[in-house]
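Counting starts at 1 for both ligands and their atoms, in listed order.
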Amino acid sequence: MTTEGLISDLLACPRCDKTPLSLTNDKYSCIACKTEFPSIGGIPWLFAHPESSLSEWRNRLHFEIQSLTHDTQRISDELSNEDHSALTKERLELQLQANEQHRNSLRQILSPIDIQSSTSTYESYLALRTRLPTDQGLHTYYANIHRDWSWGEAENAASIEQIIKVANDSDGGQRLGDTLVLGAGGCRLAYDIHLQLDTQRTLAMDFNPLLMLIADSVIHGTDMQLYEFPIAPISTEYYAVERTLHAPQTIDGNFHLLLGDVLRPSFAAHSFDTVVTPWLIDIISEDFAVFAKRINQLLKPGGRWINFGSLAFDHPIRSRRYSPAEVIDIVQQTGFSEPTTHEACIPYMCSPASRHGRQELVFSFAASKQKDSQKPPRHNALPDWLVTGKEPVPALSTFRTQAMSTQIYAYIMSLIDGKRSIIDMADLLEQQQLMTRQEAEPAIRNFLTRMFDDSERQSQL
Ligand SMILES: C[S@@+](CC[C@H](N)C(=O)[O-])C[C@H]1O[C@@H](n2cnc3c(N)ncnc32)[C@H](O)[C@@H]1O
């Protein structure tokens, strides 16, 4: 699908920030920093370091394929080597078949990213600055796809209702104009916003290519068959459920999908009438106070920020685990009007195939941009001393603690000779004056338990 001419005015280079992007043969590029952004299955790949992010997602794909292959092999071995009841056999056979099909589906859907990378070594180092979070895999929000396009009618309706409510209650009502949805995931909410509110062009961005490639097919009218793997299946036939993913209607040409990192946004400053952040602000690594400035930069004067979702900040720095009142305060401190807020209890990920499901007291707000905030610095996933290797490695107090425990752990590992017991090792640690015997014994046991768990896990891979 081509986006030619339709959204170039809304885009800017995510690498050098300011320069508009040019479009040639369906591919964007930046004339200033000479970065070319590929099109992946027809979706612009607008990461600051396109080659290295492609290779990161490709590695995640290979990892998923490898895990599914190992899992399939294990199930197959269990089926052929052990005696099972007819019920267990039935369940394992279903899982085996679903795994195999799912592996093939993944390969097929993600074939656009499974290409050779030409990343140079220097590029790879610099790309550490925009490294993807290590806890985000292809399947992290895979369940959302099934909710969005298969069983989630009630949840999807409850979600769009929250957006409509805060839009109606705030200045501007349902006129959203040029709208950007960040962290769009399976894209159902972005699709509903585009179709049900008064939008002009809607751009939906996420960094997960699996979710976006599936959404792209479904919203353009291709039904997809994909397995859902519920967390707590209600009975044997629900361990793997083949679902048909389907969109109620095909989307029009003013709806655009983009792949990229919302922390290195590929958008021209002050270009959107509305920015929507659904279930996003509390799961990104960036401090909300900084992210709020990024949203401000994207909006035109008078533009609106609409937020929806949970407020479960889990930042390692405790002061950044904001309460609703702190969120509202930060929004106002960042150049926005006093937010219109709304709370409602809605079902969340209640698959009919699972005994597991949640209720969330979601928090939504809408706030208009009253003045420009200070432009936040470029987001760096890692500090420069790690990226360039030229600056001194800081002597963090946590590094000193880790160095001490690493030495002790290395010493314990060196004591493993097939003869010594945990008690013998604890005696030696005491003789070396590293710990008292009483402290050493549980510490060694805990450490070796972890090592043992790791070795078990590795032998399963
Ligand atoms: C909790 S899910 C919400 C998905 C969707 N908004 C919804 O309501 O179903 C968060 C989404 O944000 C995406 N995401 C997280 N960090 C991101 C980043 N830095 N750049 C782009 N997308 C990101 C994830 O891939 C995921 O799809």
Next item on the list: Considering only non-hydrogen protein atoms, determine which one is nearest to atom 3 (C) of ligand 1 and report residue, atom name and distance to 0.1 Å.
Entry: W279 CB, 3.7 Å
Check: Considering only the protein, which heavy-atom contact is closest to atom 6 (N) of ligand 1, and what is its distance?
Finding: G183 O, 2.7 Å
Checklist line | Donor + acceptor pair across side chains of Q162, S364 (<3.5 Å) | finding: no
Next item on the list: Go through ligand 1 atom by atom and flag the ones less than 4.0 Å from a non-hydrogen atom of N144.
Entry: 4 (C), 9 (O)
Checklist line | Protein contact of atom 9 (O) of ligand 1 - nearest heavy atom, named by residue and atom, plus distance | finding: R147 NH2, 2.7 Å
Next item on the list: Work out whether the distance between some heavy atom of G260 and some atom of ligand 1 is less than 4.0 Å.
Entry: yes
Notebook entry, point to check: Does L189 come within less than 4.0 angstrom of ligand 1, counting non-hydrogen atoms of the residue?
Noted result: no
Check: Does atom CD of Q200 have more than 12 heavy-atom neighbours from other groups under 6.0 Å away?
Finding: yes
Notebook entry, point to check: Heavy-atom contacts under 4.0 Å between M205 and ligand 1: side chain, backbone, both, or neither?
Noted result: neither
Check: Does L182 approach ligand 1 within less than 4.0 angstrom via side chain, backbone, both or neither, non-hydrogen atoms only?
Finding: neither
Margin query: Within the 4.0 Å heavy-atom shell around L211, which atoms of ligand 1 are there?
Written below: 27 (O)
Notebook entry, point to check: Is the gap between the ring centers of W45 and Y28 under 6.0 Å?
Noted result: no
Check: Given that the side chain starts at C-beta and the backbone is N, CA, C, O, which of these parts of L280 lies under 4.0 Å from ligand 1, counting heavy atoms, or is it both or neither?
Finding: side chain
Notebook entry, point to check: Of the protein's non-hydrogen atoms, which lies at the shortest distance from atom 26 (C) of ligand 1, and what is that distance?
Noted result: Y141 CD1, 3.3 Å
Next item on the list: Look at the rings of F229 and Y142 and say which category their plane angle falls in: under 30° parallel, 30 to 60° tilted, over 60° perpendicular.
Entry: tilted
Next item on the list: Starting from atom 19 (N) of ligand 1, locate the nearest protein heavy atom and write down its residue, its atom name and how far away it is, to 0.1 Å.
Entry: D261 OD1, 2.8 Å
Next item on the list: Indicate the ring-plane relationship of W305 and F288, choosing parallel, tilted or perpendicular according to the 30° and 60° boundaries.
Entry: tilted
Item checked: Option with minimal heavy-atom separation from atom 24 (C) of ligand 1, where the choices are L263, L210, D206, V262 -> D206
Next item on the list: Please check if any side-chain donor atom of R201 sits under 3.5 Å from a side-chain acceptor atom of T179, or the reverse.
Entry: no
Item checked: Nearest non-hydrogen protein atom, atom 14 (N) of ligand 1 -> F207 CE1, 3.7 Å
Next item on the list: Heavy-atom distances under 4.0 Å are what count here, so tell me which part of S159 touches ligand 1: side chain, backbone, both or neither.
Entry: neither
Next item on the list: Tell me yes or no: between the side chains of T277 and N307, is some donor less than 3.5 Å from an acceptor?
Entry: yes
Margin query: Testing the 3.5 Å rule here: is there a donor-acceptor pair between the side chains of Q370 and S368?
Written below: no
Margin query: Quiz question: by atom type and distance under 3.5 Å, do the side chains of E326 and S323 form a donor-acceptor pair?
Written below: yes
Item checked: Modelled atom types, side-chain donor and acceptor of D252 and H194, under 3.5 Å -> yes
Checklist line | Test item, A184 contacting ligand 1 (heavy atom, 4.0 angstrom) | finding: yes
